[in-house]
Number of protein chains: 2
Amino acid sequence: MADEGTREIGRVLETTERSITVLQAVKEMDGATISDLVQELEIAKSTVHAHLSTLQKHGLLAKENNRYHLGLRLFHLGQHVRGDNVKFELAGETVEDLAEMVNENADFTVVENGRLLTIHNSTNPNDPFKSGGYFHMHSTAAGKAILAALPREDVELVIERHGTPEFTEQTITETEELYATLEEVQKRGYAYNDQEAADSLRGVGTVVNNPDGSVFGALSVGGPAYRIQGDLLHEKIPTALRDKAAELEEKIEEYERTNI
Amino acid sequence: MADEGTREIGRVLETTERSITVLQAVKEMDGATISDLVQELEIAKSTVHAHLSTLQKHGLLAKENNRYHLGLRLFHLGQHVRGDNVKFELAGETVEDLAEMVNENADFTVVENGRLLTIHNSTNPNDPFKSGGYFHMHSTAAGKAILAALPREDVELVIERHGTPEFTEQTITETEELYATLEEVQKRGYAYNDQEAADSLRGVGTVVNNPDGSVFGALSVGGPAYRIQGDLLHEKIPTALRDKAAELEEKIEEYERTNI
DNA sequence: AAGAATGTTCGGGTCTCGTGAACGGGTAGT
DNA sequence: ACTACCCGTTCACGAGACCCGAACATTCTT
C-alpha cells in the first residue's frame, strides 16, 4: 500500500508507454481529436490513429464524432481498485461516521506517487473535493499528517518531485519551515491546514497506520474557515479524528489478523 | 455516449493490446504474481515482466511484495470519466432524488460494450450493487428498458455477444420471449425485473434519452421482493421514474442548449 | 461546387519486442 | 548450516511489429 518500489524499474515497453501518453493527453485535454493530439504530442497522425484505435477497441477510450474521451471501462477498472480492497471499504465507513460526528466534510486520502489522492469523501453534494483528485502534500492537513509520519528521506523525495508551490499567502514554501511544522505535527498527533491550499478553507488531518507501522493514509476534516474555528477546530475535530483513526486502525488490524 | 463505432477498427497495436491483457488478468485474479500470470496467459516470464514494469511505472499497477494489483492511477482516471461529464453529474443528482422519493435503492446505468454499467447508485451503505459493476441487459429492468428503445438489430448484437444466461428460474432465456417482453415495455414505458437476475429481488427501470433521441442510459429502482410489491411496484415507483427521467432529460437538454 | 481540413489506409525501413537461458535472492526443508 | 528449489530479474539476439510519410477518403466550409 505504501509507495514502494517507485524507483528504477526494469525494462520498459515504449509502445505501451506511448499508448499511455496518448491516454493521458486525452484526459488532460478533456477529450481531443486526432489533429489535436498530433499537434500536442508531435507524433505522426497515422501513429496516433493506431494508438487511439487500440485503446478504443478495449474501451479505454470512447469516440464521439471524431472526438476521443476517456472510456467507461476505465471507470469500471477504477471502481474495482477501491471496491475490492477491504481496507479502503473500512476507511469509507469511517469517513461517513466522521462526517456525521462533526457535521463537516470528511475524507480519506492515500499517497500516490508523492501526491495525495482522495479515495473517499463524505459527499455533501456539490462539494469541491470529489474523490479521485490529486493534491499536494505540503499544503494540506492530511498531507502534512502523513509527511510527519514518514522518514526524512521520503519527505525529501516528495519535495524533490513536486516542489512546494504557493497556493495562498499561507502556504509553507520554505522547506526548513516545513520540517519544523512536521515536528510539531509529530508531537501534537495531528496537522492543521489554515488556508494553505485555498483561501478561507481550514482542515485538520491525522495519519492512519497499517498494523506493521507503515503509513496507510490519512483521515481529514475540512470546511470554510468561518465555521472551522474555536472549539470545533481545536477540540471537537481533533478528538473525533483521533478516535476514528484509532478505530480504523483496529478494524484493519482485526481484518488482517483474521484474513491472512 | 451511445455505443457507437464498436465494430471494425483500423490498425491495432499488439504490444499495447498485450499490456491491456495483462492488466485485465491482474484485475480478474484480484492481484497476481508474475508466475501466476505466466501460467494464466502462457507468455514468457520476461515478457510478462516487461509489461508489468511498464504498467507499474505509470501507476496503472501497484506492486506489493511481488504481487501486482490494480494501481491507484486507474482510480483517478476512472473518477475523471464520471466527474468531468456533466450529464453523468446530473444523472447522479437525479438518482439521489429518486432514492429519497421512493425510499429504496436507485441507480443510473449506461450501456458499455453490450452490457449494463452502473454509473451512480444511491449508496445505502452495504448494498450489493455498487457503481462500477457490469450486468447483463436481458435480466435487469434498466437493461430491458434500454433494449426496448434500441433498434432490433442492436438488440440482436447484444444477444449475439453476451447471450441470455439463466440466473434464476425467472430469467428470460428465449429470444422470442425477450422480444415480446420488449414490445410490452415499449408500450408501457418502463420495464420490470421480477427476480430475473437474483432471487427475491425486484426492480423497475426506464430509459433516459439524449436530446437527439438516442439512448443515454436508464434509471432504475430495486430492492427486496417483499418490499417492492403492490402499490409501490405498480404505481409509486413507475410514476417517480417517469417524472425523474423526464426531469433529467430536460436538464440535459437545457445543458446542451446553453453549452454547445 | 470546389477547396480545405480532417480522418483513414497503405507499404517499407528501422528499431523494439518477445523469447529462452543464465543470474541472484530468498525460503523451506533436511 | 547447508542445500535445493522457486521465483523475480537481467541479457543478447533474431523476428517481426511499430513508426513514419504519402496517398486516399470523407466531411465541412466558403
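The chains referred to below are lettered A, B, ... by the order of the sequence lines, with proteins before strands, and numbering in each begins at 1.
- In summary, B:E253 and B:R257 engage in a salt bridge, as defined by a charged side-chain N under 4.0 Å from a carboxylate O.
- Classification of the A:F216-A:F108 ring pair by plane angle, with boundaries at 30° and 60°, yields tilted.
- In this structure, A:D30 and A:L70 have side chains that are not in contact, with every pair of non-hydrogen atoms separated by 4.5 Å or more.
- In this structure, a donor-acceptor pair under 3.5 Å is absent between the side chains of B:E247 and B:T94.
- Annotation: cation-pi geometry not satisfied between A:R242 and A:Y190 (NZ/CZ under 6.0 angstrom from ring centroid, within 45° of ring axis).
- A:H80 and A:H76 have tilted rings, their planes meeting at an angle from 30° to 60° on a 0 to 90° scale.
- In this structure, B:Q24 places its CD atom where more than 12 heavy-atom neighbours from other residues, nucleotides or ligands lie under 6.0 Å away.
- Under the side chain to side chain contact (heavy atoms under 4.5 Å, CB included) test applied with B:I146, the options B:V155, B:D154, B:V207, B:T140 reduce to a single match, B:V207.
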Assign a letter to each nucleotide of nucleotides 13-30 of chain D from its 5' end: B, base within under 4.0 Å of a protein heavy atom; S, sugar-phosphate only; -, no contact.
----SBBBB---------

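- When DNA chain C is scanned in the 5' to 3' direction for atoms under 4.0 Å from non-hydrogen atoms of chain B, the outermost contacting nucleotides are C:dT9 to C:dG20.
- Within the structure, a side-chain polar atom (N or O) of B:H49 is placed less than 4.0 Å from OP1 or OP2 of D:dT9.
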